[in-house]
Every structure is written in C-alpha cells, then in structure tokens.
Amino acid sequence: MPIDKQSPFTLFAIDHVLSEEERAMQAVVRQFVDARVKPFVADWFETGDIPARELAVDLGNLGVMGMHLDGYGCAGTSAVAYGLACMELEAGDSGIRSLVSVQGSLAMYAIHAWGSEEQKQQWLPGMAAGTAIGCFGLTEADFGSNPAGMRTNAVRDGSDWVLNGSKMWITNGSVADLAVVWAQTDDGIRGFIVPSTAAGFTANTIKKKMSLRASVTSELVFENVRLPAEAMLPGVRGLKGPLSCLNEARFGIAFGVLGAARDCLQTAIDYSVDRVQFDRPIAGYQLTQKKLADMTLRLGTGTLLALHLGRLKDEHLLRPEQVSLGKLNNAQAALDIARECRSILGGNGITLEYPVIRHMNNLESVYTYEGTNEMHTLVIGEALTGLPAYR
Amino acid sequence: MKIAVCVKQVPDTWAEKKLRADDSTLDRESADGVMNELDEYAVEEALRIVEAGEGEVTIVTMGPERASETVRKALSMGADAGVHLVDDALHGSDALATSEALAKVLSGRGFDLILFGSESTDARMSVVPAMVAERLGVAQLTFAQKVTVSGGAITIERATDYGYDTVEAATPAVVSVVEKINEPRYPSFKGIMAAKKKPVETISVADAGIDQSVIGASAAWSAVVDFAVRLPKAAGTVVTDEGDGGVKIAEFLSAQKFI
C-alpha cells in the first residue's frame with residue numbers, strides 16, 4: 001500500500017487562502033520550472049553557466065518580468081501572485097529567482113516608478129518581454145549596508161553627465177542591456193540608465209563563487225561614461241529611490257526563499273521515507289520526525305506571514321519595516337531548513353544529485369543580500385523602540 | 001473558422017488513482033484535477049489555426065463542477081469562450097453516453113472543426129472522437145500529427161506505426177490529435193487574468209436536450225462488477241554471479257519466455 005502522507009503545504013492548507021487566479025499563476029510557473037529549470041539547473045550550477053538570455057525570453061513570454069507593474073507590456077498582477085511566482089522560481093533555484101527579482105523589482109521598478117515617459121516607453125516593453133535584460137547598481141565593494149557612502153559619482157559637463165566609479169555584486173551585470181546605476185551628484189544621489197553599449201562601461205563577471213552559481217554576478221566599472229541628460233531618472237533624488245526598489249525585491253524574496261525551503265523539505269521527506277537504516281525508514285525515527293515537524297512549522301508559518309504581507313501590499317498598506325519582518329524571518333528559516341535537510345540526506349546531501357546543498361549554498365547569499373539579517377533586525381528594533389541603532 | 005475543442009479534466013497524471021467503493025467509478029476527489037494532457041495539444045492546435053487565419057475557439061467540456069477549472073485553463077491559453085455541461089445525471093457515463101452528450105452540445109452551434117486529444121489519461125479508450133463524428137454525421141480525421149486548413153478542406157497526417165497517412169475531408173469535421181503535433185504554450189499571466197472575463201456557458205442535460213435514459217451509470221453498456229487494488233511490487237530476485245552469471249540470466253529469461 002502506498003504510504004498516505006501530506007505535503008507541508010497541504011497540511012497548512014495554503015491553497016485555501018489563495019484565489020483560483022493566484023493558484024493558476026502559481027501552477028504555470030511551477031510547470032515551467034519543472035520542465036525548463038529543474039532538469040538542467042544542477043548542471044548550470046556545476047558549470048557556473050546559465051542560458052540567461054534564453055531563460056529571460058521564456059520568462060518574459062510567461063509574463064513574469066515586472067509582472068506586478070502596470071502598463072508598458074507588464075502583466076499587472078497582484079503582489080501576492082508576484083510573491084507566489086518568486087516562490088516557484090526559487091523552488092527551482094535562487095539564481096533564477098534573482099534574475100527575475102533584479103529585472104522586475106529593481107531595474108524595471110526603478111524606471112516604472114521614477115523614469116520619464118520616454119524612458120518607460122524605450123525600455124519597459126522589451127524588459128517585460130525579456131528581450132532586454134536589466135541590472136541594478138547600488139552596492140559597491142566598500143559600501144554594502146551603508147549605501148549612502150557610495151563613491152560612484154556623476155559630474156555635469158554641459159548638458160551631459162560623466163559617470164565614474166564601480167559597483168559590486170551586480171546580478172545580471174554581464175548579460176544586461178542596461179544598468180540602473182545610482183551615483184553621487186551635486187544634487188544628491190541620482191539614478192541613471194546606462195546602456196551596456198556606452199563607451200567606458202565594463203562588466204566583469206565574478207568567478208569562484210560557491211553560491212548562486214546558476215546566476216550571473218558581476219562588477220560594473222564606469223570610466224568617464226558620458227551620458228545625455230535624458231539618462232537620469234527624473235522622478236527621485238536621494239537614497240529613497242534605490243531603497244524603494246529594494247523594498248519591492250525584498251518582498252519577493254520573503255516568498256522566494258520559502259520555495260527553496262519547500263523543495264529541500266519535500267526532498268528530505270521523500271528521502272527519509274525511502275532511506276532504510278537499521279531495517280526501518282529513517283522517517284520512522286523520532287529524531288527525524290522532530291526535524292521534519294519543526295521545519296514544516298517554520299515553512300508553513302513563514303508562508304502565512306508572506307501571504308499576510310502580500311495582502312497588505314495589495315491594499316497598499318505594507319510598510320518597509322513590515323517587509324523586514326518577512327525577509328528576516330523567512331531567509332533565516334529557509335537557510336535553517338536547508339541545512340537541516342542536508343543532514344537528513346546524509347552523504348547524499350552533499351551532491352548535486354539532490355537539490356538540497358545547492359539551495360543551501362544559494363541561501364547563504366540570499367541571507368546576506370537585499371538587506372543583511374543584521375540590518376533587518378535593526379530595522380525592526382528601531383520600529384519597536386523608536387531608537388535607530390545602525391551606527 | 002469556428003473551432004470547438006473538447007477537453008476533459010482528469011486526475012493528475014502522477015497521482016495514485018482510486019475507484020470509489022460505492023459505485024466503482026473513478027474517485028475524482030482523491031486527486032488534483034488537470035486538463036488531459038493531449039487536450040492541451042488540441043487547444044494549442046486550435047489557437048494556432050485561428051492565429052494563422054481568423055476565427056474563434058470554443059472550449060467544450062463535460063464533467064463535474066470543478067471541471068470548470070479546466071475550461072478556465074484553456075481560456076487562459078487564449079481560447080475565446082467555454083461551454084460546460086454539468087449534471088449529476090451524467091455521473092458514470094461510458095464512452096457511448098459521453099459521445100451522445102457531447103454531440104448534443106456541439107450540434108447546431110455551427111462549428112467548422114471539432115478538435116479532441118486522441119485519448120484521455122484516465123479511460124484511455126480513444127473512441128470518443130470517432131463516436132462524436134459518427135453521431136454528428138461528419139468526417140473523422142483521427143490521430144493527427146499535422147493539420148492543414150485550406151478553404152473548406154482539412155488535411156491531416158494520421159500517425160501510424162509505419163509513418164503517416166495523408167487524409168483529407170471537407171468541413172465540418174472532427175479531428176483528434178497526437179502529441180507529435182505541437183508544443184502547447186503555457187498560459188501567460190495576461191491570459192490568466194483575461195480568462196476571468198471570457199464567457200463560459202454552464203448547461204444541464206435538459207438544456208442540451210439530452211435524453212436522460214441514454215446517459216449515466218445505469219445506461220452504461222458495460223458494468224464494473226469488481227475491482228482490486230494493485231498489489232505492491234514484490235522485491236526482486238538477487239542473483240549472485242559465481243562465474244555462471246550469463247547462464248543464470250539466460251535461464252531466467254527463458255523461464256519468463258523472453259527467449
């Protein structure tokens with residue numbers, strides 16, 4: 001007789017709190033990931049090479065790129081649907097979800113929110129279709145959690161701007177057609193759209209990564225890059241610009257990491273039911289069941305938290321410190337789950353034959369990027385006490 | 001060109017399928033329902049025909065309430081409208097009854113072309129398309145791996161064991177497709193959102209003018225009198241090679257009448 005068992009999401013009746021449309025969108029992304037990502041991603045991870053352009057077009061055809069934005073070829077879905085898409089993509093690999101997060105929530109969102117009508121018309125339809133890939137340059141080698149200290153600068157020369165400096169850890173950098181770059185100016189921090197063909201622009205791929213290997217990570221270098229006045233994003237000045245974009249991406253990550261965690265947990269459950277030691281499946285031992293139960297609780301409660309934040313976002317009530325709740329809790333939970341699942345898989349847990357260690361290594365990056373665990377902790381600390389403790 | 005695509009909601013292909021203890025019919029509640037895979041190819045082909053020329057695609061299904069999800073999925077792929085025949089009286093219908101009900105729903109709607117997947121993953125009989133064509137008195141072009149529409153003529157390549165036959169008929173016609181025909185698209189998010197606003201007509205057996213006495217379990221031409229759950233796989237036999245492995249394998253194959 002087949003063993004009667006429920007998946008963690010079935011146990012939490014997660015489907016029950018989703019609309020038919022949300023379930024349909026989730027199902028499409030899951031189907032895509034099952035067919036087009038999962039069979040290949042271990043090889044992409046091993047070789048550190050992904051067919052980014054091809055994937056971007058396929059994801060554009062689905063409508064994933066900038067899906068929660070309106071107009072300009074974007075699908076205009078709910079925030080919850082966007083979150084669920086991130087979850088399904090990250091169940092494939094955090095690198096694929098990162099490609100989509102950077103495209104939609106960082107580069108496209110910046111142009112959508114702060115760009116001129118001409119900039120929107122020029123870039124957004126191609127980016128929504130996935131034929132144009134964007135990246136987002138905020139972080140620098142010496143300025144991660146403290147972006148206000150950035151050294152990259154743009155100086156006026158007649159009506160032009162001349163851009164100098166470098167950006168670090170830039171997802172999609174080497175495959176991008178355009179970079180949204182934040183730089184110091186005489187008018188505070190401003191955003192610029194830099195085409196990858198601009199003279200003086202170089203993207204160097206970062207190698208020797210042990211995490212997010214199925215993702216392009218780069219250093220961007222600007223040497224006297226001359227940009228016309230129209231390259232500047234007119235709608236925002238100061239750190240509010242990039243931080244509002246990060247808030248969008250972090251929202252997606254709060255969902256996304258749970259996809260990776262779910263894939264690990266389901267793999268560990270299936271493995272532990274099949275794996276026999278001392279004449280019994282290891283799932284039949286109390287030590288394993290405690291691990292599985294604890295992980296299921298964290299996955300399920302994290303998912304309910306993400307969905308709650310998503311509903312708030314769809315009602316335009318979501319505040320940045322609430323996004324921090326989601327990113328902090330869920331990235332930590334996902335990383336813990338991945339590590340515990342690795343232990344359940346024993347020796348098999350260290351190979352790319354199973355997705356677990358790949359997710360685990362990826363989540364080390366996700367834990368740090370888009371606001372470190374420490375920074376989100378301090379955001380929540382400030383929200384509770386009114387006392388900022390960043391410096 | 002007015003195209004109908006008949007689709008069926010079936011239990012998820014990978015799910016453990018169960019029969020109901022009370023009436024020996026398929027337990028449709030025990031597994032997630034999905035669109036029969038081959039029907040996705042039929043929907044895709046209909047959309048391609050319309051996109052290459054003009055016309056509209058109507059999705060037709062017969063099934064319980066939740067089969068509307070399958071209609072919605074086809075609409076999110078790009079079809080224009082749906083017709084859902086739902087009635088408790090249909091429960092337990094066999095292929096003959098199903099074809100009678102579908103023919104009643106399809107007739108009088110002016111379809112030039114009626115597409116089917118060539119079989120469903122649950123019943124796997126492959127007879128309903130032919131039966132519907134017969135009941136409607138139109139040509140049947142089955143097991144198509146390629147469909148060409150030109151004026152009032154439909155030409156298909158019928159997949160066979162040795163290659164294919166080229167078969168042609170005038171419209172209206174029924175065509176069933178095999179999976180070689182195309183690669184079905186994923187519904188796009190825009191398609192999913194647009195599907196909500198597309199018209200789906202829900203009709204009963206009475207609305208469709210179907211004779212109640214020829215449908216349902218009681219009218220079925222055959223009855224399931226008993227069923228048993230498949231036995232679990234027995235453990236395999238391990239043969240240790242003590243220098244005579246080849247002989248042992250040959251003996252095993254011979255005992256199983258493979259050689």
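By convention in this document, chain letters (A, B, ...) are assigned in the order of the sequence lines, proteins followed by strands, and residues within each chain are numbered from 1.
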Nearest 0.5 Å, what's the [atom1]-[atom2] distance between [X] and [Y]?
{"X": "A/Asn61", "Y": "B/Tyr186", "atom1": "CG", "atom2": "OH", "answer": "11.0 Å"}
{"X": "A/Thr10", "Y": "B/Asp32", "atom1": "OG1", "atom2": "CG", "answer": "8.0 Å"}
{"X": "B/Ile192", "Y": "A/Gln26", "atom1": "CD1", "atom2": "CD", "answer": "11.0 Å"}

Are there over 12 heavy-atom neighbours, none belonging to [X], within less than 6.0 Å of that residue's [atom1]?
{"X": "A/Gln121", "atom1": "CD", "result": "yes"}
{"X": "B/Arg28", "atom1": "CZ", "result": "yes"}
{"X": "B/Tyr164", "atom1": "OH", "result": "no"}
{"X": "B/Asp241", "atom1": "CG", "result": "yes"}
{"X": "B/Lys2", "atom1": "NZ", "result": "yes"}
{"X": "A/Gln31", "atom1": "CD", "result": "yes"}

Using non-hydrogen atoms and a 4.5 Å limit, figure out which bit of A/Met25 sits close to chain B: side chain, backbone, both or neither.
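Backbone plus side chain of A/Met25, per the 4.5 Å heavy-atom cut-off to chain B.
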Give, as side chain, backbone, both or neither, the part of A/Val64 having an atom under 4.5 angstrom from any heavy atom of chain B.
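Looking at A/Val64, backbone and side chain both touch chain B.
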Spell out, as yes or no, whether a donor-acceptor pair under 3.5 Å connects the side chain of B/Lys73 to the backbone of A/Ala24.
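Side chain of B/Lys73 to backbone of A/Ala24: no pair is present.
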Which portion of B/Arg72 sits near chain A, non-hydrogen atoms under 4.5 angstrom
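For B/Arg72, the contact with chain A is made by the side chain alone.
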What residues of residues 260-271 of chain A sit under 4.5 Å from chain B when you count only heavy atoms?
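At a heavy-atom separation under 4.5 Å, chain B is reached by no residue of residues 260-271 of chain A.
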Give the interface residues of residues 76-86 of chain A toward chain B, defined by a heavy-atom separation under 4.5 Å.
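Answer by number: A/Gly76, A/Thr77, A/Ala85.
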side-chain contact (heavy atoms from CB on, under 4.5 Å) between B/Lys196 and A/Glu20, worked out:
CA-CA 10 Å; B/Lys196 274 193 303 193; A/Glu20 185 182 337; over 6 Å; no
N/O donor to acceptor pairs below 3.5 angstrom from side-chain atoms of residues 175-184 of chain B, sequence neighbours left out:
from	atom 1	to	atom 2	distance (Å)
B/Ser176	OG	B/Phe143	N	2.9
B/Lys180	NZ	B/Gln145	OE1	3.3
B/Asn182	ND2	B/Tyr41	O	3.0
B/Asn182	ND2	B/Glu45	OE1	3.0

Would you please go through residues 48-69 of chain B and name the residues with a non-hydrogen atom below 4.5 Å from one of chain A, in numerical order?
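The residues closer than 4.5 Å to chain A, in numerical order, are B/Glu69.
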Distance-minimising heavy-atom pair for B/Phe189 and A/Gly63:
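Reported closest heavy-atom pair: CD1-O, 3.2 Å.
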Is there a side-chain contact between A/Val28 and B/Pro187 (heavy atoms, below 4.5 Å)?
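Yes, close enough: below the 4.5 Å cut-off.
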